[in-house]
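None of these values were measured; they are calculated from a predicted model.
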Amino acid sequence: HVQLVESGGGSVQAGGSLRLSCTASGYIVSGYCMAWFRQAPGKEREGVASIYGGDGSTYYADSVEGRFTISQDNAKNTVYLQLNSLKVEDTAMYYCAANIGYSGSWCYARLRIGYKYWGQGTQVTVS
């Protein structure tokens, strides 16, 4: 049974930073795609970053490139999203997601379709 539990959201001023964590159980992250999505009220869900557990390759949406960093700690079965230089428009519910993966580019392409397993979400508010 796959479970994803996020933490680390909160409220921060523009220009500030946060680190989101996603701890997985029921499988090993090294064989999966892991990703972070976000959804703001009234807007479509957006895939912001992905990482392939097989080789650690990462991809980012243009809207967060250079400001957000996705990483993983296989020993802790945990994926992180470091959010720097936050903007008001980054305000959203952030979701961790997982899917069996095959390559970094496959994980990134999957951002447009959706992933199989989801966490409950953690709110990020930038003012």
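- Using a distance-only test at 3.5 Å, with no hydrogens or angles considered, no donor-acceptor pair links the side chain of Asp73 to the main chain of Thr78.
- The hydrophobic clustering, which links ILVMFWY residues whose side-chain heavy atoms are closer than 4.5 Å, places Leu4 and Ile70 together.
- Across all non-hydrogen atoms, the minimal contact from Cys22 to Met34 is SG-CE, 4.1 Å.
- Tracing side-chain contacts under 4.5 Å through hydrophobic residues (I, L, V, M, F, W, Y), one reaches Tyr32 starting from Trp106; they form part of the same cluster.
- Summarising the geometry, atom OG1 belonging to Thr69 is positioned 11.5 Å from atom CZ belonging to Arg19; distances are rounded to the nearest 0.5 Å.
- Taking CG from Leu86 and CZ from Phe68, the interatomic distance works out to 5.0 Å, rounded to the nearest 0.5 Å.
- Contact record, Ser17 with Ser85: OG-N, 4.4 Å, taken as the closest heavy-atom pair.
- Using modelled atom types and a 3.5 Å distance limit, the side chains of Thr125 and Thr91 yield no donor-acceptor pair.
- Summarising the geometry, atom OG belonging to Ser50 is positioned 12.5 Å from atom CZ belonging to Arg110; distances are rounded to the nearest 0.5 Å.
- The line from OH of Tyr117 to CG of Asn99 is 8.0 Å long, rounded to the nearest 0.5 Å.
- Hydrophobic clustering places Val64 together with Leu18 (ILVMFWY residues linked when any side-chain heavy atoms are closer than 4.5 Å, directly or through intermediates).
- To the nearest 0.5 Å, atoms CD1 (Ile100) and SG (Cys33) are separated by 9.5 Å.
- Hydrophobic clustering, with ILVMFWY side chains joined whenever heavy atoms are under 4.5 angstrom apart, keeps Phe37 apart from Tyr52.
- Heavy atoms only, all atoms of each residue included: Arg38 and Ala92 are closest at CB-CB, 3.8 Å.
- In this structure, the side chains of Cys96 and Trp118 stay at 4.5 Å or more apart for every pair of heavy atoms.
- Remark: Glu46 CD to Gln39 CD distance equals 10.5 Å, nearest 0.5 Å.
- Here salt bridge (charged side-chain N to carboxylate O under 4.0 Å, His left out) pairs that include residues 52-72, with residues two or more places apart or in two chains, are Arg67-Asp90.
- Looking at Tyr59, its side chain never comes within 3.5 Å of a backbone N or O of Ala109 through a donor-acceptor pair.
- By the rule that hydrophobic residues join a cluster once side-chain heavy atoms approach within less than 4.5 Å of another member, Val12 and Tyr94 end up as members of one cluster.
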| request: In sequence, state the C-alpha distance, the side-chain angles, and the governing distance for Leu83 and Val126, and then conclude on side-chain contact (heavy atoms from CB on, under 4.5 Å). | output: CA-CA 11 Å; Leu83 293 70; Val126 185; over 6 Å; no

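- Nearest heavy atoms, Gln72 versus Gly53: NE2-CA, 3.5 Å.
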